[in-house]
Structure formats: structure tokens, C-alpha cells
Colleague: 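Take this structure, written in C-alpha cells, and hold onto it; I'll ask about it next.
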Number of protein chains: 2
Amino acid sequence: MGRMNLTTAGVLRAAADLADRGGYDAVTVSALARELGVQPASLYSHVRDRAAVLDGIHELALGELADRISTAIAGRSGRNALAGLIEAHRVFAAERPGRWTALQRPADEATARSESAQRVVSLIWAVFRGYELPEGELVHATRIVGATINGFLGLEAAGSFAHRPVETEQSWGRVLDVLDGALRAWPGGAAPDGAAAPGHPGADAALPAGTAAPGIHPTPTAQEATP
Amino acid sequence: MGRMNLTTAGVLRAAADLADRGGYDAVTVSALARELGVQPASLYSHVRDRAAVLDGIHELALGELADRISTAIAGRSGRNALAGLIEAHRVFAAERPGRWTALQRPADEATARSESAQRVVSLIWAVFRGYELPEGELVHATRIVGATINGFLGLEAAGSFAHRPVETEQSWGRVLDVLDGALRAWPGGAAPDGAAAPGHPGADAALPAGTAAPGIHPTPTAQEATP
DNA sequence: GACCCGAACCTACAGCCTGTAGGCACGATC
DNA sequence: GATCGTGCCTACAGGCTGTAGGTTCGGGTC
């Protein structure tokens, strides 16, 4: 076996594919090395450590998700755009379970500030443009829509809906209904100019760029929520 | 060091505490043994393997969560009960991050059918009784409410809302508003008798007992979503 | 009170994983 | 053709899981 001429990008891509095929936890340096026909130690020239591999999958996945969202909402607005947004997430989660799991882990600083993360946020906000949310409610809406989508897909992936595929599709339909309804009659006031209670719109301005994904990725697992 | 006279329950309790203090991933057989002043191999008489420890934490947490929900919704109904329900989740997640993380993992069969799991579901349905949902929509509502709560808390735990505590509290307020509004004007028809589309109420009867938590726990991490 | 037995914990070990250190070899460059 | 750097290697230290088999303590029995 001569030189494989690996690159960091190639290693990360292989890692992401391995995660999709064998499950997120199967992404070990050893398994990855086996996959690439190389000794484990050799990978450390291309990748700092295992955590860097996982972070790499996260960012890779973020970019791919942004691409999918982009095409899913193209030429659509309002409820249709929202449908495209959530469907893009669901299809991505189903087709790329390992990549999707990576998105649920806390993102490292660099990933959170990455161009991919910003693209995802921009696309979500583009969808919200079809609803007339007060400026200050954008952040909250992003968080809640993200929470619901990720929460639902998490439950689905964990098998909580197992063996009831028909009902699951109906539930998914309700997700769209509920979110569309919520955005249409947003509690903070639905008028473009902040109407009134219970939030003081304008108090929270739009997120400064660079603050990164303010509430859609990453998601669960409180691994380091240790106090 | 004489006999420690460990019990399975004691080991699991120590494991749960360790998870809360050191993070979910810190729950290794080795660390647990150190904690208990015992050699790693000794634990295998009390616990089948590491997975059994994690499952044990899951079920333990489920019971504790049920207790908290129970007191949080006692004597309340409608929006107040819903507020108690979601607040109980949030407080539990904040105070017991390790236990809460355990709840996000796929539950094993036994845990899913456990009495604790059933208690949680019953309590949620008790809250829904204050809203006039068609029978067939109970499942969907449970899933969506569970998805939103878990999704939000997941984002919070992952630090996605980091350094914006005020906004986070506002967002949390919106969660209650949105869920209350959704339940009040449920898309499948809000009348006690299933009005009409888009779901055929009655087609899906109430969940058979034994089917266990149909959509609130467990949650994310598609570890075994490998096709 | 001597004996026995089982439970509780131990040591030892095999196997896999991460990450570091240092070596060799191939190929590009001069 | 000699040199140098990069790409991958072997070797190893240290940690974790889980199995096998030994030892000791304490309670029941006669």
C-alpha cells in the first residue's frame, strides 16, 4: 500500500460517510484509519485529534444542509417556504443520519462562526420574511422553530414513534400546521411594528453578524453542561 | 476497605449523580468504580454492562421527572398546567443535566415500557385534558409539545443561546405562548368531537397501554439510526 | 463453637481505543 | 545523483470494557 495522499478534507468526508453508515459513535480514529487503508497514527498528520474530526463533520454537514435548504425554499414564500425549510431538515436527517447527529452536538467556536452556519441562519430568516414578525421576535422565532424541528426529528430518530409510520406522517403534518400558525399569529405581536406585550420588541435588535446560529444548530446532548 | 455492600440501585444512583457532576460521558465503569471505592470488575456483579448503567440512569430520571411534573401541575389546568409541565422539564434539565441527557438517549425496551414512562405520559395527557383536543390528536400533540420542549432545552444546553440570558428567558416565554396557542387552536380541529380534516380522528385510537411514552422521551442522537 | 456456603470483592488479563515519538522511504528539487 | 521534506509507518504508554477465576467475610446449621 503506497501513499494514499490523504487530505484533511478527504479524511473528513470519509468520516462523515462513516458516521452515516455505521452511526456517529462508530467514528473512531481507528475505524477511520481502517476505512482509509492507513494506520491510526497516520491520521494525526491530517487531523488534530478525534474531536477535530467530529467538529469537521459538523461543519461539513452544516454546509450541505444549507445547500438543501437553499434549493428547498427557492421560489417559495410563506407557508410553502416554511414547508420547504422543515422538509429539507427532515430529508437531510433521514438520508444522512450520522451527519445529522453531528449537528446535534455542541459546535465549537470556529464552526459556530463559520460561513455555513451563517448561511443556514440567513436562509431561515429569509423564510420568516414571508411572515410579518416584529424585528425583535426574529431571534425567538428562530429558536422555537429550530427547537421544534430538531426536537421532532430527534424523537423520530430515537425511535420514539416506532412502528407507527402513518401516524408519524400525520404528526409531521401537524408540525407544519403548528409552526405556520404560530408564525402567523406570533405572540409578541404580529404586526411589523411591534404591537405590544408580552415582549418589548425593539429591545432586542437583530443579531449582530458573527454571533452565528442563534438557535437552530447545534442541538441536544448536555455533555458539557456540567456545572 | 472492607465490603461496601453495594446494591444495583445504589450503583445506579451514584452513576446518575456522577453524570450530573461530571457530564454524561464521564459515566464509565472505571470512574463509577473509583467513585464507589471499588475495583471496576466488581461492579459487574451488580450491573450487566455499561449500557445497563446508562439505561438505569434513564429510568431513574424518568421517575424523578414524573414526580416533578406531578407536583408542578397539581391543582392547575389549562395554560397554567401547561406552564407547570414545561417548567418542570426545564428545571429538571437545569438541575440534573446528566440525568436529563440520559433521557435524550434512545430508551431500551424495558425502560420504554416502565411504569415511570407511563406516568410521564399520563401526566402530559392530564394537562391536555384542559384543552379540547379530539381523541385522535392526543398523540400528535404529545409529540409536538415534547419535541418543542426537548428541542428548546437541547439548544439551551448546547450553549446555542449562550451569553444572552435575558433573551433566553423571553424565548422561553414564547414557547409557552406558542404551545398554548397551538393547543387552543389545534390544526386537526379543536372540537371534542373530531370535526374534520386533515386527520381522521378515531382512526387512531388512544394509545394502547404498554406502548409507552409515545413521543416525549427519549430524544435525539441517532446513534443507531444506521441503516 | 466449628463448619460450610454463598455473596461481595479482588487480581489478572485480553482486547480495543487515543495520542505521542521517532523512523523510513518515496519523490520532487537542485 | 545527492538532498530534503512529506506521508505513512512501527512502537509504545495509558485508559477503558468485560471475562475468568481466586479469596475472604459473614450468616446459617448442627
Side-chain angles (χ1 to χ4, degrees), chain A residues 1-58 98 101-102 105-106 108 110-111 221 223-224 226, chain B residues 1-58 98 101-102 105-106 108 110-111 221 223-224 226:
Chain A
M1 298 291 167
R3 315 221 157 171
M4 297 279 114
N5 276 316
L6 302 176
T7 63
T8 298
V11 170
L12 294 180
R13 186 171 177 72
D17 291 345
L18 177 59
D20 287 334
R21 283 201 322 278
Y24 187 75
D25 287 352
V27 182
T28 66
V29 177
S30 300
L32 192 50
R34 267 193 300 273
E35 191 84 4
L36 294 166
V38 137
Q39 294 298 316
S42 303
L43 291 183
Y44 288 88
S45 349
H46 299 284
V47 145
R48 193 165 41 75
D49 57 10
R50 182 170 182 265
V53 173
L54 301 179
D55 287 337
I57 298 176
H58 192 127
T101 301
R105 309 278 156 159
D108 69 329
T111 301
T221 70
Q223 301 199 169
E224 21 210 79
T226 142
Chain B
M1 299 286 168
R3 311 221 160 176
M4 296 281 116
N5 278 315
L6 302 177
T7 62
T8 299
V11 170
L12 294 180
R13 187 171 174 72
D17 291 345
L18 177 59
D20 286 335
R21 284 202 321 280
Y24 187 76
D25 286 354
V27 182
T28 66
V29 177
S30 300
L32 191 49
R34 265 192 300 274
E35 192 85 4
L36 293 166
V38 136
Q39 292 298 317
S42 304
L43 291 183
Y44 287 89
S45 343
H46 300 285
V47 146
R48 193 165 41 75
D49 57 10
R50 182 170 183 265
V53 174
L54 301 179
D55 287 337
I57 298 176
H58 192 129
T101 301
R105 308 277 156 160
D108 69 327
T111 301
T221 71
Q223 303 197 170
E224 21 210 80
T226 142

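First the proteins, then the strands, lettered A, B, ... as listed; each starts at 1.
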Colleague: Drop me the distance from B:R13's CZ to B:T7's OG1, to the nearest 0.5 angstrom.
Modeller: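 OG1 of B:T7 is found 11.0 Å from CZ of B:R13.
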Colleague: Are any protein N/O atoms closer than 3.5 Å to N/O atoms in nucleotides 3-7 of chain D? If there are, list each pair with its distance.
Modeller:
from  : atom 1 : to   : atom 2 : distance (Å)
D:dT6 : O2     : A:R3 : NH1    : 3.3
D:dG7 : O4'    : A:R3 : NH1    : 3.0

Colleague: Please report the closest heavy-atom contact between B:A31 and B:A26, naming both atoms and the distance.
Modeller: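 Result for this residue pair: CB-O, 3.5 Å.
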Colleague: List the protein contact pattern of nucleotides 16-22 of chain D with one symbol per nucleotide (5' to 3'): B for base contact, S for sugar-phosphate-only contact, - for none; contact means a heavy-atom distance under 4.0 Å.
Modeller: SBBB---
Colleague: As a check on the pairing definition, encode DNA chain C in dot-bracket form, counting Watson-Crick and G-U wobble pairs whose two distances are under 3.5 Å, and using | for partners outside this strand.
Modeller: ||||||||||||||||||||||||||||||
Colleague: About how many Å separate CG of A:D25 and OG1 of A:T101, when rounded to the nearest 0.5 Å?
Modeller: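 Going from the OG1 atom of A:T101 to the CG atom of A:D25 covers 8.5 Å.
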Colleague: Only one of B:V27, B:L18, B:T111 passes side-chain contact (heavy atoms from CB on, under 4.5 Å) with B:I57; say which it is.
Modeller: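 It is B:V27; the other options fail the test.
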Colleague: Can you tell me how far apart CG (B:D49) and CG (B:L43) are? Round to the nearest 0.5 Å.
Modeller: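 Answer for the CG-CG pair, B:D49 versus B:L43, is 12.0 Å.
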Colleague: B:L36 CG to C:dC10 P: how many Å, rounded?
Modeller: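 These atoms are roughly 11 Å apart.
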Colleague: Rounded to the nearest angstrom, tell me the gap between atom CG in A:L32 and atom P in C:dG19.
Modeller: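 One finds 12 Å between P of C:dG19 and CG of A:L32, rounded.
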Colleague: Can you name the nearest heavy-atom pair linking A:H58 to A:R105, along with the distance?
Modeller: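 It is CE1-O, 3.1 Å.
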Colleague: What pair of heavy atoms forms the shortest contact from B:H46 to B:L6, and how long is it?
Modeller: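 Looks like CE1-O, 3.2 Å.
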Colleague: Expressed as a whole number of angstroms, how long is the span from A:Q39:CD to C:dC16:P?
Modeller: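 Checked: the CD to P distance equals 14 Å.
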Colleague: C:dC17 P sits how many Å from A:D25 CG, rounded?
Modeller: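 The answer, rounded to whole Å, is 13 Å.
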Colleague: For A:R50 and A:V29, work out which heavy atoms get closest and say how close.
Modeller: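 Smallest heavy-atom distance, with atoms named: CB-CG2, 4.0 Å.
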Colleague: Roughly how far, to the nearest 0.5 Å, is CZ of A:R21 from CD of A:E35?
Modeller: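 Reported to 0.5 Å precision, the distance equals 4.5 Å.
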Colleague: For B:A52 versus B:L12, what's the shortest heavy-atom pair and its separation?
Modeller: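 Scanning both residues, the minimum pair turns out to be O-CD2, 4.3 Å.
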